[in-house]
Amino acid sequence: MTQSTSYSDICILRLSAIGDVCHAVSAVQAIQKAHPKAKITWVIGKVEAMLLADLPGVEFVVFDKKQGKQAYQQLKDTFKGRKFDVLLHMQVALRANLAARCIPAKIKVGFDWARSKELHSLFINKRIAPQSEAHVLEGFKGFAQAIGIPDYKPQWQMPITEQHQQAADALLGEERLTGRIFVISPAASKKERNWLPERYAALAEHAHQQGFSVVITGGPTPLEIELAEQIIAQSSAPVLNLVGKTQLKELLCVLKRAALVLAPDTGPAHMAVTVGTPVIGLYAHSNPKRTGPYLYQEYVVEVYHQNLREQTGKTAQQLPWGTRVKGADLMAQISVEKVISMFNHVVDKEQLS
């Protein structure tokens with residue numbers, strides 16, 4: 001597949017998760033720039049579609065995994081009579097592989113051998129080029145390059161409107177919009193990836209002392225609600241609690257207004273990247289060089305590498321890329337002092353004072 005090849009009908013398959021579809025947007029928009037006349041259809045998960053709805057030039061087909069077998073039948077029915085020039089199959093999970101079987105395309109591009117799993121190889125007939133120690137976003141970039149797009153610097157034009165921004169601003173309140181906002185997005189999808197509430201509280205206090213307004217964001221799950229309440233209870237600083245109060249697009253607008261975001265390995269960290277807000281990422285279980293905030297890798301505070309060596313006796317370079325480390329209390333190894341030091345460094349470097 002070369003740059004001279006013309007594509008008029010392109011299908012993207014990336015169902016989840018929030019952070020990953022944020023990475024994929026940059027690849028999709030690079031493809032649109034190179035193939036401006038191409039029709040792009042994106043098969044995506046239900047929640048993820050809420051964030052990306054109305055992305056310019058993209059038709060979304062929602063795959064709702066909760067529908068079970070019916071979701072696959074709906075895909076077949078949706079695409080009956082169509083045949084895409086190319087399917088960019090950007091997900092190796094079995095659910096996505098089975099979905100790929102329902103999408104008719106002349107060429108089905110998937111991951112290289114090293115990243116193929118869960119029968120991925122059975123559902124593709126082309127592969128992206130192998131990559132060494134690649135960030136997830138770099139993997140998606142490989143799909144763009146597979147259909148002839150030269151290397152590019154990732155950029156994002158996220159589908160938020162003035163109405164979304166106004167709704168977010170109303171939640172933030174006028175007094176916060178005149179100053180600097182520090183957003184804590186404390187909860188990952190798994191409790192073990194979360195930092196300790198009293199340590200988030202200490203950062204809230206430090207940020208407040210530096211003149212920031214502190215805001216906590218998150219979804220409406222019991223874990224997120226409880227964690228936010230614990231942080232607020234242990235912080236002497238005033239904290240605005242927006243947990244469960246924002247839709248995804250409104251959350252994106254809150255992150256856009258922020259001067260700085262603190263988050264563990266969670267989707268909002270990557271949402272912040274798409275709107276140019278610096279992120280301090282906290283990592284223990286997964287390699288931040290693979291899954292950290294793409295534009296702000298230097299702001300990560302991590303204990304992943306030391307734990308990987310302790311558990312395996314090897315470095316990340318000596319193991320399959322993306323190897324995770326296990327342990328319920330690893331995040332406790334990240335000290336308040338280290339994160340405050342990084343906070344001060346980012347404020348200085350990004351000229352946020």
Side-chain angles (χ1 to χ4, degrees), residues 14 16-17 19-20 22-24 26-27 88-97 109-124 126-146 151 153-154 188-196 263-267 269-270 273 279-335 337-339 341-342 345:
R14 181 72 208 195
S16 62
D20 294 317
C22 285
H23 299 321
S26 63
L88 302 183
H89 181 4
M90 296 180 170
Q91 189 162 352
V92 297
L94 181 59
R95 181 173 68 253
N97 289 328
V109 183
F111 282 98
D112 55 288
W113 281 105
R115 284 174 284 190
S116 294
K117 57 183 179 180
E118 300 198 39
L119 306 179
H120 184 69
S121 299
L122 298 180
F123 302 94
I124 61 173
K126 296 283 184 181
R127 296 181 183 276
I128 66 169
Q131 296 170 322
S132 176
E133 301 176 17
H135 191 280
V136 172
L137 185 146
E138 298 290 342
F140 295 156
K141 186 187 284 191
F143 282 88
Q145 292 170 339
D151 194 17
K153 181 179 179 181
S189 58
K190 295 182 180 179
K191 189 173 183 178
E192 66 180 17
R193 296 184 196 171
N194 298 340
W195 205 30
L196 285 66
D265 186 4
T266 184
H270 306 294
V273 171
V279 181
I280 298 173
L282 307 178
Y283 283 73
H285 297 86
S286 58
N287 190 340
K289 291 185 178 179
R290 180 180 176 273
T291 62
Y294 185 75
L295 297 180
Y296 305 105
Q297 295 273 6
E298 65 182 293
Y299 300 156
V300 165
V301 181
E302 59 92 11
V303 292
Y304 167 81
H305 291 283
Q306 70 186 48
N307 280 288
L308 187 69
R309 284 192 297 270
E310 289 173 8
Q311 291 187 12
T312 68
K314 297 179 179 179
T315 65
Q317 289 73 27
Q318 296 170 316
L319 291 162
W321 190 241
T323 298
R324 294 182 181 273
V325 294
K326 298 178 181 179
D329 302 313
L330 300 183
M331 291 293 285
Q333 297 173 10
I334 298 177
S335 70
E337 291 74 22
K338 283 184 179 178
V339 183
S341 176
M342 182 59 75
H345 169 69

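Hydrogens, waters and symmetry mates play no part in the numbers below; they use all other heavy atoms, side chains included.
The side-chain hydrogen bond (donor to acceptor under 3.5 Å, both in side chains) search around E302 returns none, not counting sequence neighbours. Every residue was checked against the side-chain hydrogen bond (donor to acceptor under 3.5 Å, both in side chains) condition with T323, not counting sequence neighbours, and none meets it. Shown here are the side-chain hydrogen bond (donor to acceptor under 3.5 Å, both in side chains) partners of Y296, two or more places apart in sequence or in another chain: there are none. Partners of D20 under the side-chain hydrogen bond (donor to acceptor under 3.5 Å, both in side chains) rule, at least two apart in sequence or in another chain, are R14. Judged as a salt bridge (charged side-chain N to carboxylate O under 4.0 Å, His left out), and not counting sequence neighbours, R290 has no contacts.
Between the W321 side chain and the S132 main chain, no donor and acceptor come within less than 3.5 Å of each other. Although no hydrogens or angles enter the test, the distance criterion places a donor-acceptor pair under 3.5 Å between the side chain of Q297 and the main chain of P288. Here the side chain of D112 pairs no donor or acceptor atom with the backbone of I128 at under 3.5 angstrom. Side-chain atoms of E192 do not come within 3.5 Å of backbone N or O of A328 as any donor-acceptor pair. For H89 (side chain) and I124 (main-chain N/O), no donor-acceptor pair under 3.5 Å exists by modelled atom type. Between the side chain of Q306 and the backbone N or O of V303, no donor-acceptor pair lies under 3.5 Å.
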Under the ring pair (Phe, Tyr, Trp, His ring centres under 6.0 Å) rule, what do H285 and Y304 come out as? Steps first, then yes or no, please.
CA-CA 6 Å; H285 297 86; Y304 167 81; 9.2 Å; no

Just do the side chain to side chain donor-acceptor pair (under 3.5 Å) check on N307 and Q333 with the steps written out, would you? CA-CA 10 Å; N307 280 288; Q333 297 173 10; 2.7 Å; yes

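Side-chain atoms of Y283 and P293, non-hydrogen and from C-beta on, do get closer than 4.5 Å to each other. Put simply, the side chain of V279 does not reach to within 4.5 Å of the side chain of Y299, judged on heavy atoms. By the 4.5 Å heavy-atom criterion applied to side chains, R115 and Q131 are counted as neighbours. Here the side chains of L122 and N97 are not in contact, with every heavy-atom distance at 4.5 Å or above. Under the 4.5 Å side-chain criterion, counting only non-hydrogen atoms from C-beta, V300 is not in contact with I280.
Sorted by first and then second residue, the salt bridge (charged side-chain N to carboxylate O under 4.0 Å, His left out) pairs with a member in residues 136-145 read E138-K141, K141-D151; sequence neighbours excluded.
There is a side-chain donor-acceptor pair under 3.5 Å between R127 and S121. Between the side chains of S16 and Q91, at least one donor-acceptor pair of N or O atoms lies under 3.5 Å.
Two rings, from Y294 and H135, have their centers less than 6.0 Å apart.
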